[in-house]
Amino acid sequence: MRIADKNHSAVEMVQEALNKAEHFSDHYIFTYINTENALKKAKEIDEKIARGEKVGRLAGVPYALKDNFLSPEGETTASAHILEGFTSPVTATAVQKLEDEGAIMIGRTNMDAFAHGSSTENSYYGPTLNAYDTERVAGGSSGGSAVAVALGIVQFATGTDTGGSIRQPASFNGVYGFKPTYGTISRYGVVAMASSTDCIGFFTQTPEDMDLLMSIASGQDRNDLTTLPDYYVNTESKSAKRVGVIKDFDNESVDEEIRDALRQKTEMLEKKGYEIVELEMPALKYALAAYYIIVPAEVASNLSRYDGIRYGLRSEKATDIETIYNDTRNEGFMPENKRRIMIGNFVLSSGFYDAYFLKAAKARTLIVEEYEKAFQKCDYILTPVSPNPAFKLGEKVNDPVAMYLEDVMSVSLNLAGVPGLAIPAGKTREDNLPIGLQIVGPRRSDKNLLAFAKECIDE
Ligand code: GLN
């Protein structure tokens, strides 16, 4: 991480990032640019440096913040119309920790509204364009953050990953994207999607930067009772020997070049002395179905708080309490938000709870156990992130099931709570689109997983 010092002033670094953000404004990366506050903070850091005072580990480093992290700088809208006009009185724990180390937010990034989606096309503000091909999607839901790092506007950006929203856009734009073990980073002050699978993480250009950010942002937080006792910084280093590959993922529904990239990577690791273990994980075939029941159920519950009274938008048509609720929610949510609210309420309703929600919860247990068994046979698992490289804008947005199928290789990690890192693994031959692979580890293996990622870089 390049931090500010006597030779590189924070003001210069921030100004450079702001200029780049402006230069790439046709990619629709940012929903808000934080010019004034950012330059003011940068100046304060430069003054500290000039006085010889101690500065933080991220002194003057400009970063991009996904639009679902609460902070008083700019409106927090989660790229949804219903939150327009909402300025948060609180700061998310993760944001506070970054800022305490001197990081400077230069803008909020575009996302699928409420993080529902895999392309950033569900944003109220319109889609972010891919860093490598502007006719293609950025991936999602954290599309803006991935592109901000891929285009070198910032050295890092924040993301949230409920079912792949960090890893898939990272892979579509050729950067590192990490979803830690559930509970590693506090969710306090982050707009909730599905509380039992939501994870906070980052996009970076290197595993080393990721490790630094994890050391800073991880840890127990009394404002989020699901956070784990601090383990990240205290992890003992353990080197890996066996790398698993999942047999069922090597099939025709996965792009040929992605399968080739996976093969090349395992061959490289084999040459370095790693043992490659073939895994059968049949329970993973239930992951997508279970995810698209459990997550909408939690979404329906978490989105019930947006009622036109407490946050953001209130419909101008509304005449009484009933129409305030109905018209505001009708105008303020995107079609995908509404679809999930309806599915969620359906699977939780008394007549269908046993048939859907309960079954999905049981499938989830099988998936948790499947990963536990797999990690008795290997240290890490290497898989594709998604079945294809970045697809064309408009290709899937009107076909929800096609869009959901994008997540077939990413959602099981969230259901099991295990960490996953998307790593860049070359480009497609014809279109020069980034290919991503995913390293999956056991719970709380995060620090060693990031160390292993360095082993996976081509020499
Ligand atoms: N694409 C997945 C979904 O639409 C994951 C979203 C996320 O991780 N926030 O649910």
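Numbering starts at 1 and runs along the sequence shown. One-based numbering, in listed order, for ligands and for the atoms of each.
- Checked options F375, Y371, F452; the residue passing with Y380 is F452 (criterion: ring pair (Phe, Tyr, Trp, His ring centres under 6.0 Å)).
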Side chains of residues 421-433: which donor-acceptor partners sit under 3.5 Å, not counting sequence neighbours?
from : atom 1 : to   : atom 2 : distance (Å)
T428 : OG1    : N432 : N      : 3.3
T428 : OG1    : L433 : N      : 2.9

List, for ligand 1, each N/O atom that has a protein N/O partner under 3.5 Å away, with both atom names and the distance.
from     : atom 1 : to   : atom 2 : distance (Å)
ligand 1 : 1 (N)  : G117 : O      : 2.9
ligand 1 : 1 (N)  : S118 : OG     : 2.8
ligand 1 : 1 (N)  : D407 : OD1    : 3.2
ligand 1 : 1 (N)  : D407 : OD2    : 2.9
ligand 1 : 4 (O)  : G117 : N      : 3.0
ligand 1 : 4 (O)  : Y292 : OH     : 3.2
ligand 1 : 4 (O)  : R340 : NH1    : 3.4
ligand 1 : 4 (O)  : R340 : NH2    : 2.8
ligand 1 : 8 (O)  : T162 : N      : 2.7
ligand 1 : 8 (O)  : G163 : N      : 2.7
ligand 1 : 8 (O)  : G164 : N      : 3.3
ligand 1 : 8 (O)  : S165 : N      : 3.0
ligand 1 : 8 (O)  : S165 : OG     : 2.7
ligand 1 : 9 (N)  : A115 : O      : 3.0
ligand 1 : 9 (N)  : S165 : OG     : 2.7
ligand 1 : 10 (O) : Y291 : OH     : 2.7
ligand 1 : 10 (O) : Y292 : OH     : 3.4
ligand 1 : 10 (O) : R340 : NH1    : 2.9

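- The aromatic rings of Y306 and F333 lie perpendicular to each other, with more than 60° between the two planes, well past the 30° mark.
- K359 meets the side-chain contact (heavy atoms from CB on, under 4.5 Å) test with no other residue; sequence neighbours excluded.
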Which atom pairs, one a donor and one an acceptor, fall under 3.5 Å between side chains of residues 150-159 and the rest of the protein, sequence neighbours left out?
from : atom 1 : to  : atom 2 : distance (Å)
Q155 : OE1    : R2  : N      : 2.8
Q155 : NE2    : R2  : O      : 3.0
T158 : OG1    : K66 : N      : 3.0

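- Atoms CZ and CE, on F249 and M409 in that order, are 5.0 Å from each other to the nearest 0.5 Å.
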